[in-house]
Amino acid sequence: MILVTGGAGATGSRSVIELLQAGHEVLVLDNFSSGTVEALQAVAAATGRDFDCVKGDVRDGAFLQRVFRENAIASVVHCAFVGGTVAGVSGGSGLSPLECYENNLAGTLILLQVMEEFGLKRLSLEFGGAGGSGAGAVDGGADGSVAAVQRLVADVCAADAEWVATFSH
Ligand SMILES: O=c1ccn([C@@H]2O[C@H](COP(=O)(O)OP(=O)(O)O[C@H]3O[C@H](CO)[C@H](O)[C@H](O)[C@H]3O)[C@@H](O)[C@H]2O)c(=O)[nH]1
């Protein structure tokens, strides 16, 4: 089973469709800060497949531990990112830098810690709107938090060859 964080959002729900169509079992995890039940209903309609969804936050380590304990998760697709507030950059969420870094960097840090605790070291990161776009994008992100996430994950992978991570924007 593949866990898709932020699976009720635009980028995440597209990933869920692709994974279901490829025959994978999927579990969606989303705090529904911007994700919607309608997006999940559209996934079900497009694929004709059933999948479960748990409501909760990637920053909640105890919640993540429960999810990993109760489900046979083989890998994680991490899409639970929020956009920055840099003027003129798409994907802006209206959140402050502190809120963005907390969502994106702290959320990823806690997710990685719990994954490692469960011996799970396969991760795809899909930044979607949080990655920014066009000439205004800074270091691959609408604010520095996406670059910080990439650096964190790169350092974790460099220190332990068992970790496998891919990025897409
Ligand atoms: O801590 C968090 C933060 C976010 N989320 C969830 O993560 C998902 C993020 O998805 P969004 O749709 O908010 O963001 P995307 O990057 O997927 O999509 C954005 O970027 C896209 C471009 O790729 C389009 O512009 C789209 O309209 C715009 O919402 C949401 O379900 C949100 O509820 C969490 O679960 N936990």
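Just so you know, ligand 1 is whichever comes first in the structure, and atom 1 is the first atom listed for that ligand. For the numbers below, each heavy atom of this structure counts, side chains included, while hydrogens, waters and symmetry mates do not.
The distance criterion of under 3.5 Å between nitrogen or oxygen atoms is not met by Gly7 with respect to ligand 1. The shortest N or O to N or O distance between Ala10 and ligand 1 is below 3.5 Å. Residue Gly56 has no N or O atom closer than 3.5 Å to an N or O atom of ligand 1. Every N/O-N/O distance between Val82 and ligand 1 stays at or above 3.5 Å.
With ligand atoms numbered from 1 in the order given, ligand 1 contributes 6 (C), 7 (O), 8 (C), 31 (O) to contacts under 4.0 Å with heavy atoms of Gly6. If you number the atoms of ligand 1 from 1 as listed, the ones under 4.0 Å from a heavy atom of Asn103 come out as 1 (O), 2 (C), 3 (C). Atoms of ligand 1 lying under 4.0 Å from any heavy atom of Gly128, numbered from 1 in the order shown and given with element: 16 (O), 23 (O).
For the residue pair Ser15 and Glu18, no side-chain donor N or O sits within less than 3.5 Å of a side-chain acceptor on the partner. Side-chain N/O atoms of His78 and Thr108 include a donor and acceptor closer than 3.5 Å.
With sequence neighbours excluded, the residues satisfying side-chain contact (heavy atoms from CB on, under 4.5 Å) with Asp155 are Arg151.
Nearest-heavy-atom check against atom 9 (C) of ligand 1 across Phe32, Phe127, Phe81 picks out Phe81. Heavy-atom proximity to atom 36 (N) of ligand 1, evaluated over Leu111, Asp57, Asn31, is greatest for Asn31.
Using a 4.0 Å heavy-atom cutoff, Gly107 is absent from the residues neighbouring ligand 1.
Salt-bridge check for Asp160 with Lys121: passed, with a basic side-chain N closer than 4.0 Å to an acidic carboxylate O. Ionic pairing of Glu25 and Arg49 is present here: one or more N-O contacts between side-chain nitrogen and carboxylate oxygen are shorter than 4.0 angstrom.
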